[in-house]
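All remarks here apply to the structure that follows.
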Amino acid sequence: MNKIKNNLPPAFRITQQSAVYIFWQILLRFAGYGKVIFFSRVLPQEILGAYFLFTSQFALLNSLSEFGFSNAGIKYISEGEDREKYFSCYLLFRILAGAAVVGLLLLFKDALTDFTNTGYFFWLLLLLGISSIQAPIVVGITGLDKLSVRSTCNALSSGITILIQILGVALGFGGTALAVGTCAGLGIGILLEVRYLSLGIQTPSLKHIKKIGKAAGWFFAASVMIALSSHIDALIIGHFLGYEDVSTYKVIFQLSTLSSIILAAFSFVLWPKINRWWKEDAIEPIQSSLSSAIGYSLALALPMVIGASLAGKEVLHFFYGTGYSYGHDSLVVLFAMQIFGIFYTLFTLFLQACNQLKGALIIHGVSGVINIVLSVTLVQNFGIMGPSLALLTSFCIGTILGFLFLAKRIKIIINTRPLRSSLIASLLMATLLFTGLKWGPTSSISLISNILFSGLIYIITFLFLEKKVIVTIRNLIQGST
């Protein structure tokens with residue numbers, strides 16, 4: 001079986017690992033949407049907003065704890081030379097950086113009122129500590145290219161998190177259940193993943209420390225900018241507006257990520273492979289991988305934008321509650337942002353994997369500054385629409401910069417055929433969806449039926465126009481048996 005897998009073309013091997021990841025992502029995404037719908041129905045917006053603010057704070061502080069060492073560790077471990085020494089070097093750096101972040105939080109906690117007033121400060125410290133243990137395991141597994149193992153373990157631990165949270169909320173523990181589930185899920189993930197870590201501890205030399213440290217500097221700046229772009233909006237909304245608005249914004253933001261499932265799969269799988277191809281001077285598979293990733297990521301995102309424009313308000317009203325309906329306009333903007341996010345994410349991913357760390361840092365830096373400045377400026381006058389517009393603007397500018405930097409290294413060719421097929425299928429889907437919304441009954445059941453039927457028509461039409469997708473899947477199934 002391994003011989004057959006190794007003889008598959010590079011694109012097939014990528015898609016094979018992506019298929020495992022996509023399966024779990026789809027399952028987890030819908031479980032996550034169901035979880036949030038349940039929480040939005042049974043919990044006050046203020047409690048849910050405080051929890052969302054807590055998770056955003058953790059994500060930002062965790063990126064500081066990583067200090068860029070995770071990406072640097074994955075990079076050098078995946079290259080295959082001195083893996084255990086690079087792993088040991090990363091482990092040391094990660095422990096020190098994590099301890100420093102927790103220490104600073106405790107030292108300045110009286111001044112960090114936005115962090116302490118949520119009621120989750122203890123859980124924030126605990127989660128950072130658990131993450132410091134899990135991160136080296138994840139880096140080792142990812143660097144060894146055990147991506148299917150990683151995605152499966154992550155799915156199982158995430159599923160346990162969701163189960164604990166739903167049961168806890170149903171039993172009346174409110175926000176505490178959300179925090180306990182988050183910490184417990186991450187801890188269980190450690191137990192699931194550690195058995196697959198086949199790297200030992202070896203004393204690194206000064207050469208290994210210098211290489212990890214140099215790469216980590218670039219990765220750290222880039223990762224902080226990414227974290228700021230992804231989570232600073234929630235912190236700004238929480239500071240200037242309130243927990244209720246944080247809740248609405250994070251709900252619509254989560255809903256907009258539905259269009260990025262394919263993108264997440266490609267990003268997860270491609271990173272170590274592109275890094276290896278670049279080291280081997282194999283430009284052709286890098287270019288073809290970029291073309292496929294852009295084409296098929298956009299093929300999923302395009303109908304999502306159209307669907308959000310037509311049915312977003314009804315979805316928010318019927319599923320999340322009337323308190324969330326006012327976020328419809330922001331939802332459309334965030335779905336449009338996800339379109340540019342495809343280019344932005346892939347361009348910066350390929351730049352980093354191709355050792356163009358300075359270019360990626362410039363893109364993240366410019367985009368991050370624009371996002372923060374515009375969010376602070378607009379949020380006070382436009383509410384949650386302000387950060388939404390800020391994200392869209394920053395991603396547009398970042399996409400342009402990413403294209404300019406990456407085009408100097410490789411030829412950027414976008415496969416337009418799946419886009420044409422997606423556009424045709426989306427127009428047919430939009431016609432059916434609009435007809436159902438305009439003249440059909442107004443109820444949650446009819447809305448679900450309308451969306452599912454329109455989505456099914458899109459899939460059938462797209463697959464009919466893109467027969468190559470079916471051929472690829474068939475070849476993958478035959479090649480893995």
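Looking only at atom types and distance, the side chain of Q338 has no donor-acceptor partner in the side chain of T257 under 3.5 Å away. Y249 and S388 are not linked by any side-chain donor-acceptor pair at a separation below 3.5 angstrom, with hydrogens and angles left out of the test.
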**Message:** As a quick check of understanding, evaluate side chain to side chain contact (heavy atoms under 4.5 Å, CB included) for L178 and V169, giving each step before the final call.
**Reply:** CA-CA 7 Å; L178 302 181; V169 170; 3.8 Å; yes

**Request:** Show your reasoning for whether side chain to side chain donor-acceptor pair (under 3.5 Å) applies to S375 and D233.
**Result:** CA-CA 7 Å; S375 292; D233 43 12; over 6 Å; no

**side chain to side chain donor-acceptor pair (under 3.5 Å) evaluation trace for T182 with Y51** = CA-CA 10 Å; T182 302; Y51 171 73; 2.8 Å; yes

**Request:** Decide side chain to side chain contact (heavy atoms under 4.5 Å, CB included) for Y320 and S325; before the verdict, give the C-alpha distance in whole Å, the side-chain angles of both, and the deciding distance to 0.1 Å.
**Result:** CA-CA 8 Å; Y320 295 95; S325 299; over 6 Å; no

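Between the side chain of S367 and the backbone N or O of H364 there is no donor-acceptor pair closer than 3.5 Å. Under the 3.5 Å distance criterion, the side-chain polar atoms of T345 are left unmatched by any main-chain donor or acceptor of I342. A donor-acceptor contact shorter than 3.5 Å links the side chain of T55 to the backbone of F52. Proximity of a side-chain donor or acceptor of S422 to a complementary backbone N or O of A299 within less than 3.5 Å is detected. Y33 places a side-chain N or O within donor-acceptor distance of the main-chain N or O of L258, the cut-off being under 3.5 Å. Here the side chain of S247 pairs no donor or acceptor atom with the backbone of Y243 at under 3.5 angstrom. Not a single donor-acceptor pair under 3.5 Å links the side chain of S394 to the backbone N or O of I370. No donor-acceptor distance shorter than 3.5 angstrom exists from the side chain of Q165 to the backbone of G181, with no hydrogens or angles considered. A donor-acceptor pair under 3.5 Å links the side-chain atoms of R41 to the main chain of F319, judged by distance alone.
Here the side chains of L401 and F347 are not in contact, with every heavy-atom distance at 4.5 Å or above. Inter-residue side-chain proximity for V138 and Q134 is flagged as met; some heavy-atom pair is nearer than 4.5 Å.
More than 12 heavy atoms of other residues, nucleotides or ligands shown are found within 6.0 angstrom of NZ on K35.
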In residues 431-438, what donor-acceptor pairs under 3.5 Å come from side-chain atoms, sequence neighbours left out?
{"from": "T431", "atom 1": "OG1", "to": "L427", "atom 2": "O", "distance (Å)": "2.9"}
{"from": "T435", "atom 1": "OG1", "to": "T431", "atom 2": "O", "distance (Å)": "2.7"}

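For Y326 and H317, the distance between ring centers is not under 6.0 angstrom.
Checked against Y344 for a ring-ring contact (aromatic ring centres under 6.0 Å, His included), the options F403, F395, F405 give a single hit: F395.
Counting all heavy atoms, side chain and backbone alike, L53 lies closest to A234 at CD1-O, 3.4 Å.
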